[in-house]
Asker: 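My questions all concern the structure below.
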Amino acid sequence: MLNVSFCSITGHSVDTAVMNGGGAHDLSEEESKQDGAGDTDGGEDSNEQEVIVIQDTGFTVKIQAPGTEPFDLQVSPQEMVQEIHQVLMDREDTCHRTCFSLQLDGNVLDNFAELKSIEGLQEGSLLKVVEEPYTVREARIHVRHIRDLLKGLDPSDAYNGVDCNSLSFLSVFTDGDLGDSGKRKKKGSELEQIDCTPPEHILPGSKERPLLPLQPQNKDWKPMQCLKVLTMSGWNPPPGNRKMHGDLMYLYMVTVEERHISITASTRGFYLNQSTTYTFNPKPANPSFLSHSLVELLSQISPAFKKNFTALQKKRVQRHPFERIATPFQVYSWTAPQVDHTMDCVRAEDAYTSRLGYEEHIPGQTRDWNEELQTTRELARKNLPERLLRERAIFKVHSDFAAAATRGSMAVIDGNVMAINPGEETRMQMFIWNNIFFSLGFDVRDHYRELGGDAAAHAAPTNDLNGVRAYGAVDVEGLYTLGTVVVDYRGYRVTAQSIIPGILEREQEQSVIYGSIDFGKTVVSHGKYLELLERTSRPLKVQRHNVLNEKDESMELCSSVECKGIIGNDGRHYILDLLRTFPPDLNFLPVEGEELSPESVRQGFPRQHRHRLACLRQELIEAFVEHRYLLFMKMAALQLMQQKANKESKLATLTENSSPGAAVPALPSTETPDAPKTEPMTETDSSATTTTNASQATPIEVNVVPTVTTNGPLVPFATAIQNGECESPLEGKAEDIIPGLAQAKELAESLDTEDGSGIDPKSREVVLNACKAVGSISNTSFDIRFNPDIFSPGVRFPEDSADDIQKQKQLLKDAGAFLVSCQIPSLVKDCLDHSALPMDGATLTEALHQRGINVRYLGNVLAFVDKTPAKAQLEHFYRIGISELITRCAKHIFKTYLQGVELSALSAAVSHFLNCFLSSFDAVAHLPADELVSRRKNRKRRNRVPGGGDNTAWASLTPSELWKNIVSEAQSYYHFTLHCENADQVVEKYGLQKITLLREISIKAGIQILIKEYNFDSRHKPAFTEEDILNIFPVVKHVNPKASDAFHFFQSGQAKVQQGYLKEGCELINEALNLFNNVYGAMHVEICACLRLLARLNYIMGDHHEALSNQQKAVLMSERVLGVEHPNTIQEYMHLALYCFANGQLSTALKLLYRARYLMLMVCGEDHPEMALLDSNIGLVLHGVMEYDLSLRFLENALAINSKYHGPRSLKVALSHHLVARVYESKAEFRSALQQEKEGYTIYKNQVGEAHEKTKESSEYLKYLTQQAVALQRTMNEIYKNGSNASIMPLKVRALNINPCGILTHSLCSQKDLENLKAEVQRRQQLQESGKSVEDLTVHSPLELEDKIPMDVNVD
């Protein structure tokens, strides 16, 4: 699975880190006890009670709308009246009404009231829909709504990336909704009707990678024309005398029957008037067809409108809701067909009116973003309903803010916004639009000169965003951060921030009351800020420290010096410039006179980076601290054991041993407080050495000679730790190694809780020694924090903290060493045992980030893989890494390339860049012929030298020059040597696909290209022309607010499932789903993970139909929020195919598997471990429908890939041999079948022994095959002897005796997982449902282990 099966690796703490993106809630249990950070879940039981109270009290009301029968509607007390309005505007029979009120017994209901607050509203109440008079605003909302209904099936908004529309193609493969067809039982005839042959390009071994199938044409999208033109009339606005007759605005339309009509929107509704294009006559026509709704009016005038509109709405309502609900954040598609540009008054109005930022329903027009962002944070959060309300508000405002900020950033770069300092040069300009402040990512006024100039100014916004994310996740009351969005568009980086009230009216020097505005030369501090920041220091691991200001006075800070505190005019305490929230990464920060730890030095660190803002990731800090915590526990335990041993030996040899010092453990004697350099157990010693001999089979099993300078007894312990210790910080194996661990835990906890007075001094000493050894800042408990100002240029520390600073420096060096010597090897190990399976650049980046590895280490990771003996089994990982490295280098170059292009040449420049990057043709730029130049002038223009003018410098780029730049960028940025001079060499040397490179660069750079077949390899013409570049999209990074309660439920559900309590787990996950919906609305990545897990549980518990319905939602949602070819979407397709298969829908299952295979070929090519699983499944389904030859092609490919990636002796390979044997048997080719099964049998015998049931099964099957082969031979001989009248014995070809889904899933899970869950699930499940076959369960259950909610995808 992509969202790696982490549980098996690192216990639970990682889950939280993964889920919260920033991992800020990821406090170890000890911390949450001390910190009160656990208060969010106020005891699980109380939580569950609360939830149940919230969820279970829905009731039904009757709705009576004009001209329709009354109907029932299920509502919940929490809903607002407004939500009933929304439902009515979406229903087929009432969708054309927008301007109405709901009345209960003649009283109008308030739109913003919650239903539970309305007197007299109860089960069975009748609500009447009453038409209200229009206002100009209501009339415009009505026209906009009608336009939306007319465009209900039109995908152009999704292709253009507007209004949070995005694409989904599932319905093309399932022919509509699976739910209904799922109910029909498999008819006997269904098998014969299936055409199973896949298109040529999907077959194993095909080298073709067509692009067109990526977006299959959906037959529903053929537009049904209801109207030719609907637009605002040129007669608007109504003159004064007509206003007084109630005219609000005029519309102009052309019906399908070519009738041109002019319509008046009045307070009473819509009617025909007598105006024409050139004469104004607002009098009602005769007949005027006055109707309250535009649809009713048009239905009377145009029969074609009536017919098509009805059909259109039927189709619209039949679509799955998930195909049409807006996503919370915009998803862009990198390919699109040529869409016809139609006349659309609403779109035109949106683009050119002042509706730039205000949503129609907000009073006061522009939104005060800062006020909204901060007020939602201040909402109460004492109990669950309050927290849900608060989180929902925070999430909604954030997604609105991200959309507005993106729109504003594009307007700024496109030149549609006036700068607030128009006199300055363009790079220096700043902008305010719609209450958002925009600045460009350039080094203005040499602010970052010492830190790397423009490179630092480009990196600072993402660092700042990570800081905002981290402080937002800690969520301290009274401390406020700014809304922040970082947008990359057309080669520029724009930072959009909400505005602190009053900050524009005063100078920065006056405003800042905490921190420094000049990188530490002048520093101020403030008591209130210290108090607030102190509360974040534990979860964020920031140490309180003193720095000197310009007058050499000591100032206390609890953050980096750049972090500024400003009290706004609203009295709130804001912090901004959080770019150094996390400590510096010394591997990329050479400092004179500082020696890094040997592990880092061995790998070529420190290295010069573009800028001096390189920080460690929060995930790394978490992992490092957790790792140190384990070390701390082991040290304490070891000393306790020593004391015990000493005591016993003392009693035995009392006479000899009279010296009192003997009982003190050996460790402290070498340690004097003022010699921090020889700290015995620094991180580097303990783990870093693990990778020094990369020659062993896996990087982890290395026996290390400890570099510890302690006396005797501790050394063996050091090796014990080193050997096992990289695998996972807190997985509980430690108790087996060191008996005193439980005792040590108790001791540490009691020291934390009491004042320590009741504890004997010896034990206290144990803790003190362990604290010292791991670099804890406290002497009585484990507490590691970092000083973010270490190595900041310009920051000076007081003399008296020299020791402390030295310790902090050592800690940072250790953290850097931990990254290279522990985290990188552990990532590679996870890829070797397939618990991490990246498929493309995005999932690779996510895998790096989850382990706290920055992408700038990519070259190191690849070099490490290169040296690994098991390199062949990491080929897929290496290939994805190289492709990511190349496309990132190309993106860096593309960014500066684009900045020099003027708008009119944009498409030509982008297509030229792509030609240089990917085409085999030696690209020469075709300067766009100026569309506007007359023929006579044109002759002169032809002689112009390309690149002669300033703005055409881009045209002089050649492929060889671009690839030279890419190679040098790879060397200077990633310190990795690429051996290639053009795209064709890259493809050949590293086995990459050009289509994959095209996808990666388009997604990273925000390019949208025309979907068609590109010929990259032609030497005669370039692959791309300027017509192929359709659009440039922004690439947006923002904060993803989380649903904390829902997340707790999701986790406890997962835990229950892993213990084998499936029913309880299922209930908790359902609850989590409710809460997620409550906070995020219907569409979100985390809801997707929830649905996937639910579907899996349904499947295991035998409810295949429910599994199908949940998985269908998961697929649709994944397509909509992640993208149609995102690796997670591919996974979802595979699972859906499995459930279709279980429901007997074989042809659909095949279509889905073929789709998944096509997407995978496109995203990462055929050579990937996951492809083996996919091909086994395709082979099995084909076997099920008796397509043996086809089945064999897929299964043999699966066998080849499994052998390559899992090694020829793996149980997966044995299963593959068995499946291939089964197909040969079905084809009556018994000799081949025997050969395959023998291979499988040998593996089983060697791996699990002869007594194992698998080996026995295989042996039985071999006997059976031998009998069949003999029988066949006998029959053949008979035929030769007796000719045609021989008596022929019928052959017994066995049917698939394992339920095929069993095999399907069997290949869907790893052996390791199987063993983990087997015993537990069997026992509990037998108690739960006696009717269910246990064998079935053990095969499937491990699947749950792999579900994680994906990380924040936004961080670069």
Side-chain angles (χ1 to χ4, degrees), residues 1-6 15 18-19 21 166-170 173 214 322-323 327-329 331-334 830-831 834-850 876-877 880 884 996 999-1000 1003 1040 1050 1054 1069 1073 1076 1080 1082-1096 1107 1110-1139 1152-1153 1155-1164 1168-1171 1173-1174 1177 1308-1309 1343-1355:
M1 295 301 335
L2 275 169
N3 303 339
V4 186
S5 161
F6 252 86
D15 304 4
V18 176
M19 306 265 294
S166 57
L167 297 163
S168 161
F169 294 104
L170 177 63
F173 302 98
L214 179 61
F322 285 2
E323 291 181 72
T327 58
F329 300 104
V331 176
Y332 299 101
S333 163
W334 64 279
D830 290 345
C831 290
H834 303 285
S835 48
L837 261 187
M839 260 191 225
D840 69 344
T843 44
L844 172 72
T845 306
E846 190 179 311
L848 289 167
H849 284 170
Q850 281 176 356
H876 64 294
F877 180 77
I880 293 165
E884 180 70 353
T996 304
R999 171 180 179 262
E1000 292 283 356
I1003 289 172
N1040 275 324
F1050 185 78
Q1054 273 185 316
I1069 303 278
L1073 182 63
F1076 276 135
Y1080 296 139
M1083 282 275 167
H1084 197 274
V1085 231
E1086 298 184 5
I1087 298 180
C1088 201
C1090 224
L1091 285 165
R1092 179 195 320 144
L1093 183 50
L1094 265 181
R1096 227 180 261 180
N1110 279 325
Q1111 188 59 29
Q1112 180 186 9
K1113 290 179 193 160
V1115 174
L1116 285 171
M1117 199 173 297
S1118 186
E1119 287 191 305
R1120 294 283 319 278
V1121 297
L1122 291 170
V1124 288
E1125 82 292 0
H1126 189 282
N1128 287 29
T1129 308
I1130 301 176
Q1131 298 282 344
E1132 306 295 9
Y1133 263 99
M1134 286 163 70
H1135 289 178
L1136 185 61
L1138 167 64
Y1139 308 146
L1152 295 168
L1153 287 168
R1155 170 71 172 169
R1157 192 172 209 276
Y1158 165 73
L1159 293 174
M1160 205 156 151
L1161 287 172
M1162 169 100 189
V1163 166
C1164 63
H1168 190 281
E1170 198 70 352
M1171 194 56 97
L1173 170 59
L1174 191 46
N1177 288 347
L1308 271 174
C1309 52
L1343 293 171
E1344 287 79 66
L1345 284 174
E1346 303 172 342
D1347 266 286
K1348 288 284 160 291
I1349 288 184
M1351 271 183 71
D1352 223 320
V1353 195
N1354 272 303
V1355 189

Asker: For the CG atom of Leu1122 and the CG atom of Asn1128, what is their distance to the nearest 0.5 Å?
Answerer: 5.5 Å

Asker: Give me the atom names and distance for the closest heavy-atom approach of Thr1129 to Gly1123.
Answerer: OG1-O, 2.9 Å

Asker: With sequence neighbours left out, what residues match Tyr332 under side chain to side chain donor-acceptor pair (under 3.5 Å)?
Answerer: none

Asker: Between Leu837 and Phe877, is there a side-chain heavy-atom distance shorter than 4.5 Å?
Answerer: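 Not touching, per the 4.5 Å side-chain cut-off.
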
Asker: Would you indicate whether the side-chain heavy atoms of Phe329 and Val1121 approach each other to under 4.5 Å?
Answerer: no

Asker: For Met1171 and Leu1161, which heavy atoms make the closest approach, and how far apart are they?
Answerer: CE-CD2, 3.7 Å

Asker: Would a 4.5 Å heavy-atom cut-off, applied to side chains only, mark Phe169 and Glu1119 as touching?
Answerer: yes

Asker: Which residues pass the ring-ring contact (aromatic ring centres under 6.0 Å, His included) test with Tyr1133, not counting sequence neighbours?
Answerer: none

Asker: Just to verify, what does Phe322 make a ring-ring contact (aromatic ring centres under 6.0 Å, His included) with, not counting sequence neighbours?
Answerer: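 His320.
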
Asker: For Arg999, enumerate each residue passing the salt bridge (charged side-chain N to carboxylate O under 4.0 Å, His left out) test, keeping only those at least two apart in sequence or located in another chain.
Answerer: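 Counting only residues at least two positions away or on another chain, Arg999 forms a salt bridge (charged side-chain N to carboxylate O under 4.0 Å, His left out) with Asp840, Glu1125.
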
Asker: Parallel, tilted or perpendicular: which fits the ring planes of His1084 and Tyr1080, with parallel below 30° and perpendicular above 60°?
Answerer: parallel

Asker: Who are the salt bridge (charged side-chain N to carboxylate O under 4.0 Å, His left out) partners of Arg1155, not counting sequence neighbours?
Answerer: none

Asker: Using the side chain to side chain contact (heavy atoms under 4.5 Å, CB included) definition, which of the options Gln1111, Gln1112, Lys1113 pairs with Val1115?
Answerer: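 The passing option is Gln1111.
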
Asker: Distance check, rounded to the nearest 0.5 Å: Glu1170 atom CD versus Gln1131 atom CD?
Answerer: 4.5 Å

Asker: Side chains of Asn1177 and Leu1138, heavy atoms from C-beta outward: is any pair under 4.5 Å?
Answerer: no

Asker: Output all residues satisfying salt bridge (charged side-chain N to carboxylate O under 4.0 Å, His left out) with Glu1132, sequence neighbours left out; order by chain, then residue number.
Answerer: Arg1092

Asker: Does a donor on one side chain and an acceptor on the other come within less than 3.5 Å for Ser166 and Arg1120?
Answerer: yes

Asker: Which residues pass the ring-ring contact (aromatic ring centres under 6.0 Å, His included) test with His1168, not counting sequence neighbours?
Answerer: His876

Asker: Going by heavy atoms in the side chains, are Leu1159 and Leu214 under 4.5 Å from each other?
Answerer: yes

Asker: Please list, chain by chain and in numerical order, all residues satisfying side chain to side chain donor-acceptor pair (under 3.5 Å) with Thr996, sequence neighbours excluded.
Answerer: Gln993

